[in-house]
Amino acid sequence: MIELAGYEITETIHDGASSSVHRARGPEGAVVLKCLNAPYPTAMQLEAYQSEFEILSRLTSPGVLRVYALREVGNGRVLVLESVAWPTLRTMLGGKPMPVKPFLDFARQIVKTLGDVHAAGVIHKDINPDNILYDPATGGVRLIDFDIATALSSEHADAGNVVQLRGSLPYVSPE
C-alpha cells in the first residue's frame, strides 16, 4: 500500500494491475488518492498522470472532480482528488433501468457536464457507467477518470497509426 506523508488511507476503492484508488484523510480533509502501482512506472504511465493532473486543473465544472495536487512518491506519482462518496452509475443502477424523472434529471446534468468539459477543449474518451458517480438522493453527478482524456489542441489524430484501443470497447465512439 502507498504511503504519502500527511495522508492516512482509510479505504481502498480499487486495486488494479496498474493503479489503485484509496480514500484518505489529509490536509485538504477527505480526499481520494489515485496511485500508480508499479515500483518502476513507465514514462508513458508517468506522463498520463501528469496529463490527467493538467487536464483536471483546467476544468471548473461542478460535475467534474477537483484535483488538489500531483505528488511524487518514490518512482511514481499520486493524484490527490476531491472525495465524493457516491456510487458509480453502474453500481447504483445494479442492472435495472432508472425511472424516467430521475433519468431526465441525470441526463440533463451529465450533458451539462460534458458540455463544460468540451467547452474547456477536453475530450474524456472513456464515458461509461463506471466513470460517472451519481447520488440518487441529491441527483448529483461527477465525471471521473480522465486518465486517457486529451486537450483538443494537444493531440493529432492519425487513423493509420492505431496501435492500441484505449477506453472501454462497448462505449467507444465510432469515429
Side-chain angles (χ1 to χ4, degrees), residues 1-61 63-84 88-90 113-114 116-133 142-175:
M1 185 174 296
I2 188 96
E3 288 189 26
L4 182 59
Y7 294 89
E8 176 188 354
I9 293 177
T10 58
E11 175 188 3
T12 297
I13 300 169
H14 169 78
D15 194 12
S18 62
S19 67
S20 57
V21 181
H22 311 276
R23 290 195 195 286
R25 303 243 2 114
E28 306 87 349
V31 295
V32 168
L33 304 177
K34 183 176 177 181
C35 316
L36 284 167
N37 283 345
Y40 299 99
T42 66
M44 188 177 195
Q45 290 172 314
L46 294 171
E47 177 53 39
Y49 269 55
Q50 181 69 40
S51 176
E52 185 170 5
F53 173 74
E54 290 171 4
I55 285 171
L56 286 172
S57 293
R58 69 192 266 187
L59 295 175
T60 59
S61 173
V64 174
L65 284 184
R66 288 186 316 235
V67 64
Y68 297 123
L70 177 65
R71 301 283 167 82
E72 303 285 330
V73 177
N75 297 311
R77 293 188 173 149
V78 175
L79 281 166
V80 181
L81 302 159
E82 170 186 20
S83 179
V84 177
T88 65
L89 183 61
R90 183 182 312 280
T113 297
L114 285 172
D116 293 344
V117 169
H118 291 166
V122 173
I123 299 174
H124 186 280
K125 293 187 177 179
D126 197 18
I127 303 295
N128 70 69
D130 293 315
N131 289 337
I132 299 170
L133 302 180
R142 293 290 189 287
L143 187 57
I144 63 170
D145 210 2
F146 282 75
D147 60 338
I148 64 170
T150 189
L152 288 175
S153 62
S154 69
E155 182 173 287
H156 171 71
D158 182 2
N161 192 20
V162 176
V163 177
Q164 180 180 0
L165 175 68
R166 297 190 69 198
S168 303
L169 184 59
Y171 303 97
V172 171
S173 175
E175 63 272 356

Side chain [X], main chain [Y], donor-acceptor under 3.5 Å:
{"X": "His14", "Y": "Lys34", "answer": "no"}
{"X": "Asn75", "Y": "Pro39", "answer": "yes"}
{"X": "Arg71", "Y": "Val78", "answer": "no"}
{"X": "Tyr7", "Y": "Arg23", "answer": "no"}
{"X": "Asp145", "Y": "Asp126", "answer": "no"}
{"X": "His22", "Y": "Val31", "answer": "no"}
{"X": "Arg25", "Y": "Thr10", "answer": "no"}
{"X": "Asn37", "Y": "Gly16", "answer": "yes"}

Requested in this report: Would you check, one step at a time, whether the test side-chain contact (heavy atoms from CB on, under 4.5 Å) holds for Ile132 with Thr88?
Outcome: CA-CA 6 Å; Ile132 299 170; Thr88 65; over 6 Å; no
Going from [atom1] on [X] to [atom2] on [Y], what distance comes out if it is rounded to the nearest 0.5 angstrom?
{"X": "Met44", "Y": "Ser51", "atom1": "CE", "atom2": "OG", "answer": "11.0 Å"}
{"X": "Leu79", "Y": "Arg77", "atom1": "CG", "atom2": "CZ", "answer": "9.5 Å"}
{"X": "Asp147", "Y": "Tyr49", "atom1": "CG", "atom2": "OH", "answer": "7.5 Å"}
{"X": "Glu28", "Y": "Arg66", "atom1": "CD", "atom2": "CZ", "answer": "10.0 Å"}
{"X": "Arg142", "Y": "Asn131", "atom1": "CZ", "atom2": "CG", "answer": "15.0 Å"}
{"X": "Cys35", "Y": "Asp15", "atom1": "SG", "atom2": "CG", "answer": "9.5 Å"}

Would you name the heavy atoms of [X] and [Y] that are closest together and state the gap between them?
{"X": "Ala38", "Y": "Gln45", "result": "CB-OE1, 4.4 Å"}
{"X": "Gly76", "Y": "Pro41", "result": "CA-CG, 3.8 Å"}
{"X": "Ile55", "Y": "Ala151", "result": "CD1-N, 3.9 Å"}
{"X": "Ser83", "Y": "Val32", "result": "CA-CG2, 3.8 Å"}
{"X": "Leu33", "Y": "Leu4", "result": "CD2-CD2, 4.1 Å"}

Query - Test applied, side-chain contact (heavy atoms from CB on, under 4.5 Å); reference residue, Val117; option that passes from Val122, Ile123, Ile127 - result: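 The residue from Val122, Ile123, Ile127 that satisfies side-chain contact (heavy atoms from CB on, under 4.5 Å) with Val117 turns out to be Val122.
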Query raised in the report: Are the side chains of Leu56 and Val64 in touch, meaning some heavy atoms are under 4.5 Å apart?
Result: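 In contact.
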Report task. Could you check if a side-chain atom of Leu81 sits within less than 4.5 angstrom of a side-chain atom of Val21, using non-hydrogen atoms only? Result -> no
Query raised in the report: Quick check: are there more than 12 heavy atoms from other residues, nucleotides or ligands sitting under 6.0 Å from CD of Glu8?
Result: no
